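The structure appears below as structure tokens.
In this text, all values refer to a predicted model and were calculated from it rather than measured experimentally. Labels below follow one simple rule: chain letters A, B, ... track the order of the sequence lines, proteins then strands, and each chain is numbered from 1.
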Amino acid sequence: MKDKQFWLVTGIIAFIFLLYWIMGHPYLYEDRIVMLITMFLMGSTLMYNVRYAQMGGEFYLRPIPGLKAVEEAVGRSTEMGRPILYVPGIQDMDQVETVAGVIVLGHVAKMTARYETSLNVPVSRSIVMKAAREACRESYMIEGRPDMFNEDMVHYLTDDQFAYAAGVNGIMVREKPAACMYMGKFYAESLILAETGNSIGAIQIAGTASQAQIPFFVTACDYTLIGEEFFAASAYLSKKPELIGGVRGQDMIKAAVIVTIIFSIIIMTLYDNTGIGFDVSKLLTIR
Amino acid sequence: MSKIQDTFLKIGSIDRRWIFLIIAAVVIVPLIFPVGLPIRPTDTTKNVYDSIEKLPAGSKVLLSVEYSPSTRPENHPMTISILRHLFKNNHKVFITCLWPDGQFMAQDAINQVAKQEFNKTYGVDYVFLGFRPGNEAVVKGIVSNLRKLYTVDVYQKKIDEIPLMNGINNFKDFDFLFSSSAGFPGTIEWVQYASDPTGIPMASGVTSIQVNEVMPYVQAGQMVGVLAGMPGAAEYEALINQKGSATSGMDAQSVAHLVIVLFIILGNVSFFIERNRSKKY
Amino acid sequence: MIWKRQIPILIVTIVGWITLLGWFIDQPDIQEFVNDDATQWFDILASFAIILGALNLIKLQVQKILYQKPGWIYSVVAVMGFLFAITAGFFVKGVDDSVAQWGAHVTTDGTLFKWMFDYMFSPMSATMFSLLAFFVASASYRAFRIRNFEATLLLVSGIIIMVGRVPIGSVISSWFVMYLIVLSAGIYINVWKKDMNTTFVFVAVGISIVTIAGFMYGWPIDKPGIFYLPAIQEWIYYYPNVAGARSIMIGIGLGIFATSIRYILGIERSYIGE
Amino acid sequence: MEFSTILGAWVAVFLTLGIFSYLYKDNPFYKFAEHLFVGVSAGYWTAIFFWTQIQPNLFGRLFPAKVYGPDSDTPFIYNLLSFISSSVFPEGGIDKGHDQHFIYLIPLALGMMMLLSLIPSINWFARWGIAYTVGMAAGLRAYGYLNSNVIGQVKGTAVNIFNSSLPFFSLSEPSIFNNMIIIVGTICGLLYFYFSKEHTGILGKASKVGIYFLMISFGASFGFAVMGRISLLIGRFNDLIKFSSTEYYHATIWVLIAVIAILGYASYLEKENKSQIADTDQGSVQEEE
């Protein structure tokens with residue numbers, strides 16, 4: 001309740017809409033009023049949480065086991081004295097997943113700087129290369145090991161999907177990394193990468209939201225960050241208020257969705273069995 | 001016992017090119033020497049068939065073709081079977097494409113079914129509107145004002161001069177939608193921007209990869225049914241009683257699946273042997 | 001700076017608001033703009049974006065040739081392919097105006113463009129995808145491991161779908177599946193109890209029960225339904241699968257909604273590379 | 001059969017087998033086919049989008065034939081463009097049934113800016129056009145996804161659980177048990193993706209159940225993915241079988257023999273070289289998988 005500005009603006013918008021409604025609401029699709037209200041509620045929930053995070057508010061976010069697995073993998077690579085391979089997907093920075101992949105890369109780079117393990121990041125887009133280099137450089141600086149950073153740890157292979165997969169496979173077979181991480185947007189090459197990683201006996205950790213590729217990662221990798229988990233992990237690591245606030249806002253909406261489901265089931269059951277005069281399915285049908 | 005285990009481990013580290021060869025063989029052999037396994041339609045396929053069967057004769061059906069040659073083996077047999085079913089029941093067919101290559105696929109299907117098999121008249125029994133780029137915006141355009149989006153058909157003929165287009169102004173003027181889809185844009189966009197906002201019933205034929213993304217829509221009743229991949233197409237061919245390329249591929253499909261399942265099992269057996277051994281030492 | 005940052009953000013905000021509110025405002029002028037012109041512009045710009053992408057790709061290949069980077073000779077092939085496609089698309093139609101005018105030539109049979117599509121573009125794109133069938137097979141052999149309970153669940157449900165969906169699934173008797181279950185339960189008990197005798201007794205009893213039941217009911221291929229692969233497959237596909245897929249779908253829906261709202265409000269600016 | 005068809009079949013077979021040869025190993029046939037594919041598809045998309053959208057719907061609205069009929073002349077700029085390319089700008093305006101709308105100069109300008117962004121120093125030019133598509137897509141999707149993926153699914157899940165007309169248990173027909181599966185699975189799946197609370201106690205158990213449902217669902221996608229890949233392979237082999245017939249002069253068989261012979265000979269030569277190198281420098285020669 002502390003964010004006065006937020007409540008003021010929300011209140012004003014609600015009030016104006018109320019006035020408009022009372023005045024006879026010209027030019028409004030009345031059938032879609034439920035949708036309009038839903039959107040308003042959801043949008044303001046999101047905004048509230050983003051603003052809360054921006055003003056320095058702290059949320060609890062549950063630990064994500066996959067991130068812990070990353071730490072173990074880095075530890076094991078150090079013990080074995082072998083490098084770590086990090087693949088940030090095959091798409092450009094306009095994909096949210098690539099952005100998330102680069103954020104997680106920053107986190108991994110911090111650990112490799114701490115443990116003095118070598119890191120190898122082949123990329124398939126030149127813009128991703130720039131972003132990934134920046135992320136690594138920053139991490140090594142923060143850890144106080146700029147001497148360990150060299151630009152070539154992030155290197156461009158090729159834009160083409162299968163050629164890129166073949167190139168990464170070559171690196172895996174030659175360098176035998178102890179851990180392979182695949183975090184970003186993947187298509188069919190997911191399978192080729194995970195299979196080769198498996199055959200060299202590396203610990204494999206994957207993170208992606210590409211629904212069709214998740215099964216291949218789950219069966220071939222030791223740990224997989226699934227969809228939203230991946231985004232939440234990156235939001236958590238990036239410490240950007242709009243991302244963290246977004247995670248929390250979406251959680252609240254999710255809770256509301258669950259409550260709505262349960263509530264609708266109860267009403268539906270009553271409606272069908274006892275003839276209570278309210279059909280919730282009509283309310284939820286928006287044309 | 002350990003000898004058997006050794007053999008398993010040996011097979012486990014086989015060069016993968018042998019596996020490639022096996023897969024090639026198990027696909028080619030049944031294609032050349034078919035067995036003709038019986039085909040059993042699943043419920044979701046039957047629902048599509050029933051809902052088209054229930055349409056009164058002369059219904060206006062929008063058929064959207066959104067796949068490219070890369071998924072042709074899965075989608076094309078569906079398009080063909082649906083067209084056959086629609087023409088057999090004397091429905092009017094309107095064909096649009098959300099994918100540029102969809103035009104070629106649709107043209108092939110029209111040549112085969114409308115022209116050769118049923119001898120239907122263009123502009124009276126069917127219209128080929130063609131492709132417009134813009135993804136979901138095209139769907140939205142068809143829903144709001146089809147005539148603004150399509151001023152000419154695919155042959156550059158003016159829409160106003162086509163008799164069948166009389167009285168067709170937007171999506172609500174159709175009775176049914178079938179989308180033969182291989183990804184984005186496709187079935188999901190049709191559900192979101194066309195079928196859900198207007199309530200016009202729709203069904204779809206999708207590639208196997210996509211099935212899981214559209215199943216919740218089917219279960220929730222937002223779509224009447226779905227044809228799932230090449231087996232779905234084969235089931236539809238069985239239902240309309242006209243065998244096509246999907247049916248002939250089913251033997252190869254069956255054998256290949258069995259072999260892959262076998263691979264998974266064998267692979268895991270050697271995985272367990274290996275794990276047990278490394279535990280012992 | 002204002003041209004590079006503020007104006008794009010302003011465009012996103014304004015266009016976003018107009019399209020979003022266009023869903024709710026029932027006013028002919030706004031409806032016409034949102035539904036017709038705005039979408040047409042979107043379509044046109046989307047086409048420019050696609051062309052831009054194609055040209056970018058060729059630019060990269062040309063650079064490779066100019067600097068004679070490794071493999072540049074293949075880039076020559078790429079550029080030749082591009083020039084060929086452009087020729088077929090814009091300069092050589094291959095048929096008379098009476099068969100197809102410019103514009104219709106991209107879909108008409110007999111044109112050079114259609115030939116290129118039929119015999120170059122489609123076989124290559126289809127083959128690229130079908131390569132994956134081989135990779136799936138080799139990965140199924142070498143990488144798909146039941147390393148934990150989740151992976152086991154995934155593989156079992158995958159296998160049931162794979163076998164149950166195709167015709168061969170319907171000729172596998174439910175009794176065969178029951179025998180298989182008894183045997184795998186036997187293996188599990190052996191691992192768990194580590195006692196050959198227990199395993200043997202369990203498997204023997206299991207097999208006899210199934211066999212006796214089989215003789216009693218006359219071995220119908222699809223009964224009992226819960227052991228008949230096409231029936232189990234259908235159940236998994238229609239219920240547990242949908243439940244899982246639906247929770248993902250709701251999550252995706254909320255995620256896209258949240259991102260879109262962030263775009264429209266100008267909080268998220270990753271599209272201009274920030 | 002026409003010569004162009006037969007030639008086409010040979011080209012198609014060569015390119016198909018060229019790509020398949022990657023399964024043996026990365027080789028010049030594959031690299032050739034792959035690069036040709038990149039080039040051809042770039043040209044293909046350019047032509048398709050130009051002729052289906054930009055020419056008819058953009059130029060067709062700026063210079064419609066409706067306005068420049070027989071009685072009025074086309075403007076100078078149009079004549080100039082027509083002189084450059086009469087196929088894009090035919091005489092008498094573009095006849096695609098549009099009226100004249102000069103407001104379409106805006107998308108033309110944005111589009112030209114996008115293309116100009118190929119020049120590195122002004123690569124930000126593309127941002128305006130991209131901003132338009134991003135904004136529009138955001139407005140469309142916010143509504144579409146919320147309606148179909150959220151509200152529609154809530155509605156699909158909200159059923160009468162004690163429906164007396166349904167049996168308690170039935171495998172493939174709707175039943176109370178199956179409805180419960182959907183409800184429990186959906187809610188638990190959503191709870192798995194709930195991040196702002198620790199997953200212990202009831203929430204922990206529910207999210208565990210949720211992940212099981214997710215895994216079953218991924219298993220189904222896995223099965224379907226395999227199914228799809230195999231179907232595509234069947235399609236390719238069908239084409240190859242078709243092209244191996246006498247009508248096409250056994251294209252498949254001849255090309256296959258040629259490719260195998262050349263690759264075999266090359267690998268034979270390589271082996272000889274390799275054994276020589278291996279004598280001097282062991283271990284440096286490593287095959288890529």
Applying side chain to side chain donor-acceptor pair (under 3.5 Å), run through C/Ser260 and D/Arg141 and close with a yes or a no. CA-CA 7 Å; C/Ser260 302; D/Arg141 283 183 191 162; over 6 Å; no
Which atom of C/Pro8 lies closest to which atom of D/Arg127, heavy atoms considered: CG-CB, 4.0 Å
N/O donor to acceptor pairs below 3.5 angstrom from side-chain atoms of residues 38-45 of chain C, sequence neighbours left out:
from: C/Thr39; atom 1: OG1; to: C/Asn35; atom 2: O; distance (Å): 2.5
from: C/Thr39; atom 1: OG1; to: C/Asp36; atom 2: O; distance (Å): 2.8
from: C/Gln40; atom 1: OE1; to: D/Arg61; atom 2: NH1; distance (Å): 2.8
from: C/Gln40; atom 1: OE1; to: D/Arg61; atom 2: NH2; distance (Å): 3.4

Do you know which of D/Val226, D/Ile230, D/Leu108 has the most heavy-atom pairs under 4.5 Å to chain C? D/Val226
Taking the side chain as every heavy atom from C-beta outward, state whether C/Phe135 and D/Leu23 have any atom pair closer than 4.5 Å. yes
Minimum side-chain heavy-atom gap C/Ile51-D/Trp45 below 4.5 Å: no
Is any side-chain heavy atom of D/Ser87 less than 4.5 Å from a side-chain heavy atom of C/Phe91? no
D/Pro56 versus chain C, heavy atoms under 4.5 Å apart: side chain, backbone, both or neither? neither
Interchain contact, C/Gln61 with chain D, by part (heavy-atom threshold 4.5 Å): side chain
side-chain contact (heavy atoms from CB on, under 4.5 Å) evaluation trace for C/Ile73 with D/Phe32: CA-CA 9 Å; C/Ile73 195 90; D/Phe32 177 86; over 6 Å; no
Any idea which heavy atoms bring C/Pro240 and D/Phe213 closest together, and the distance? O-CD2, 3.7 Å
For D/Phe222 and C/Phe144, take the angle between the two ring planes, folded into 0 to 90°, and tell me which bin it lands in: parallel under 30, tilted 30 to 60, perpendicular over 60. perpendicular
dist C/Leu10:CG -> D/Trp128:CH2 (nearest 0.5 Å) comes out at 10.0 Å
Identify which part of C/Met116 has an atom lying under 4.5 Å from any heavy atom of chain D, answering side chain, backbone, both or neither. side chain
Where is the tightest heavy-atom contact between D/Ile182 and C/Tyr238, given as atom of each residue plus distance? CD1-O, 4.0 Å
Heavy-atom pair of closest approach, residues D/Ser217 and C/Asn241: OG-OD1, 3.2 Å
Rounded to the nearest 0.5 Å, what separates atom CH2 in D/Trp124 from atom CD1 in C/Ile7? 8.0 Å
Which value, rounded to the nearest 0.5 Å, describes the distance between D/Met136 atom CE and C/Ile11 atom CD1? 14.0 Å
Let's go through D/Leu233 and C/Leu131 carefully: what are the C-alpha distance in whole Å and the side-chain angles of both, what is the deciding distance for side-chain contact (heavy atoms from CB on, under 4.5 Å) to 0.1 Å, and is it a yes or a no? CA-CA 7 Å; D/Leu233 187 64; C/Leu131 271 186; over 6 Å; no
Can you tell which part of C/Leu52 gets under 4.5 Å to a heavy atom of chain D, answering side chain, backbone, both or neither? both
Below 6.0 angstrom between ring centroids: does that apply to D/Phe50 and C/Phe90? yes
Could you grab the distance from atom NZ of D/Lys31 to atom OG of C/Ser75, nearest 0.5 Å is fine? 11.0 Å
Any side-chain hydrogen bond (donor to acceptor under 3.5 Å, both in side chains) pairs touching residues 245-259 of chain C, not counting sequence neighbours? B/Gln219-C/Arg246, C/Arg246-D/Gln153, C/Arg246-D/Thr157
Is any side-chain heavy atom of C/Phe82 less than 4.5 Å from a side-chain heavy atom of D/Val38? no
Given D/Leu232, D/Val150, D/Thr133, D/Ile211, the one with more heavy-atom pairs under 4.5 angstrom with chain C than any other is D/Thr133
Side chain from CB out, backbone as N, CA, C, O: work out which of these in C/Ile161 comes under 4.5 Å of a heavy atom of chain D, or both, or neither. side chain
What residue, out of C/Gly81, C/Ala85, C/Gly53, has the most heavy-atom pairs lying under 4.5 Å from chain D? C/Gly81
Answer yes if the ring centres of D/Tyr30 and C/Tyr74 are under 6.0 angstrom apart, and no otherwise. no
Give the minimum heavy-atom separation between D/Tyr143 and C/Leu20, together with the two atoms involved. N-CD1, 4.4 Å
Using the ring centroid of each side chain, check whether C/Tyr239 and D/Phe177 are separated by less than 6.0 Å. no
To check you understand the geometry: which heavy-atom pair defines the closest contact between C/Pro123 and D/Thr16, and what is its length? CB-OG1, 3.7 Å
Donor-acceptor side-chain pairing of D/Arg236 and C/Thr127 below 3.5 angstrom: yes
Region of D/Ser117 in contact with chain C, defined by heavy-atom distances below 4.5 Å: side chain
Side chains of D/Tyr104 and C/Asp37: do they bring a donor and an acceptor to under 3.5 Å? yes
Whether the side chain of C/Ser157 engages the backbone of D/Ile216 through a donor-acceptor N/O pair (distance < 3.5 Å, no angle test) should be reported. yes
Chain C contact via D/Phe237 - which portion, at a heavy-atom distance below 4.5 Å: side chain
Side chain, backbone, both or neither: which part of D/Asp239 has a non-hydrogen atom closer than 4.5 Å to chain C? neither
Can you tell me which of C/Trp102, C/Trp17, C/Trp23 forms the most heavy-atom pairs within a distance under 4.5 Å of chain D? C/Trp23
Please look at D/Ile106 and chain C and tell me whether the side chain, the backbone, both or neither of the residue comes under 4.5 angstrom of a heavy atom of that chain. side chain
Out of C/Ile256, C/Val136, C/Ile261, which one racks up the most heavy-atom pairs below 4.5 Å with chain D? C/Ile256
Please identify, among C/Ser125, C/Gly164, C/Ser140, C/Ala258, the residue contributing the most non-hydrogen atom pairs under 4.5 Å to chain D. C/Ser125
State the CG-CZ distance between C/Leu154 and D/Phe218, to the nearest 0.5 angstrom. 8.0 Å
N/O donor-acceptor pair under 3.5 Å between D/Trp51 side chain and C/Gly89 backbone: yes
Is the gap between the ring centers of C/Phe121 and D/Tyr44 under 6.0 Å? yes
Looking at C/Phe129, C/Trp115, C/Phe84, which one has more heavy-atom pairs under 4.5 Å with chain D than the rest? C/Trp115
From the list C/Val106, C/Val34, C/Leu132, C/Ile236, the residue making the most non-hydrogen contacts under 4.5 Å with chain D is C/Leu132
How long is the straight-line distance from OG1 of D/Thr186 back to CE of C/Met249, given to the nearest 0.5 Å? 11.0 Å
Can you tell which part of D/Leu7 gets under 4.5 Å to a heavy atom of chain C, answering side chain, backbone, both or neither? both
Run the numbers on C/Trp235 and D/Ile181 for side-chain contact (heavy atoms from CB on, under 4.5 Å), then give the verdict. CA-CA 11 Å; C/Trp235 180 73; D/Ile181 290 271; 4.0 Å; yes
